[in-house]
Amino acid sequence: MKKNHLPTAITPEAVPKWIQEKAEEAQLKLQLFLPFCAPEFRQIPNEIVRSALFTCRNRNTPRENYKKKPVVVIGDGNIIYQGEELRQDDEAVWMHLIYLAREVQLGEAIQFVPHVFLHDIRWPTNGSGYDRLRTCLDRMAATGLTIISSRLDEGVNVSLIRKIEYSAQSEGKVIPLRVWRVWIEPEMRLLFDSEYLTCIRWEMYHALRSGVAKKLFLYWSSHKAPFPVKTDTMMELCSTRTNRREFRRTLSEALGELQGVGFLACWKVSSDLWTVKRDKITDKCGS
């Protein structure tokens, strides 16, 4: 009678060296690099996309300065922010920086030509565009951000940008660099687990003109089947200063815009609850 032999457990020593090296390389990449993102997408952690960290206030309104300000988050998570008020221009710059960081080891510099960067975020490639980009980078480098979430073992305390280089000094003169260098905190990797990321359709994002439409596009991109939301909740998310009646009108126009670009299939409002249904599109950051 033949004996039944149980499969022998494979010890690390029994695994071919090349397989071990591949596994170690994959594990290192998970720790040192942000998740892959296809060119047609940008990605952002759910805690941030579901918060009022980046406001959609009018650019002509002076920005406020905050010291350890609690930021509204819809759902799980708490955010404490310190620094100058962030708006959607900062958000667009940060999303594109994170996209460029996907092939750069965390802790190393993200390098880019500012002209190309401006083109990619659909900003004018002239002097005012350069100044605006530099201002956004400076503003985000002077931030303090604490994020606490149930998925994190500990809270994450970072600056959105750690360091910037866009000029150098030579013989007492400031010389603009052709290639700019930006560093993000390695700890940022803790926020970028794939299952907790929202994928943003980049072209669709730029097709939207209204700040409220862009804000809700990002928020509802984080929900496959969005639940009804109250007017007051969306006012807090947008961090708007308009009165309620005017905001409801702006909201109706924004939802019409979202439907016009093909993001929403339909929407309705009943008893101050706004219900939307997303169009059947796939939001995966790539494969």
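Heavy-atom basis, side chains included; hydrogens, waters and symmetry copies ignored.
- The salt bridge (charged side-chain N to carboxylate O under 4.0 Å, His left out) pairs that include a residue from residues 213-223 number zero, where partners must be two or more places apart or lie in different chains.
- At a threshold of 4.5 Å between non-hydrogen side-chain atoms, the residues F247 and C238 count as touching.
- Between E85 and R57 a salt bridge is recorded (basic side-chain N to carboxylate O distance below 4.0 Å).
- The shortest distance between side-chain heavy atoms of I184 and V158 does not fall below 4.5 Å.
- Within the structure, the salt bridge (charged side-chain N to carboxylate O under 4.0 Å, His left out) test picks out the following pairs touching residues 104-128 (sequence neighbours left out): R122-E203.
- The side chain to side chain donor-acceptor pair (under 3.5 Å) contacts involving residues 124-137 comprise N126-S128, D131-R134, where partners must be two or more places apart or lie in separate chains.
- In this structure, OG1 in T146 is found 10.5 Å from CG in N78, a value given to the nearest 0.5 Å.
- Using a cut-off of 4.0 Å between Lys/Arg side-chain N and Asp/Glu carboxylate O, R244 and D232 are scored as salt-bridged.
- Applying the ring pair (Phe, Tyr, Trp, His ring centres under 6.0 Å) criterion to Y66, with sequence neighbours excluded, gives no partner residue.
- Summarising the geometry, atom CG belonging to L160 is positioned 6.5 Å from atom CG belonging to L53; distances are rounded to the nearest 0.5 Å.
- The residues D279 and R201 are annotated as not salt-bridged, no charged nitrogen and carboxylate oxygen being separated by less than 4.0 angstrom.
- Judged purely by atom type and a 3.5 angstrom limit, N58 uses its side chain to pair as donor or acceptor with the backbone of N60.
- Annotation: salt bridge (charged side-chain N to carboxylate O under 4.0 Å, His left out) contacts involving residues 252-263, sequence neighbours excluded, comprise R249-E253.
- Listed here is the closest heavy atom pair of L255 and W220: CD2-CZ3, 3.3 Å.
- Legend: residues meeting ring pair (Phe, Tyr, Trp, His ring centres under 6.0 Å) with F112, ordered by chain and number and at least two apart, are F117.
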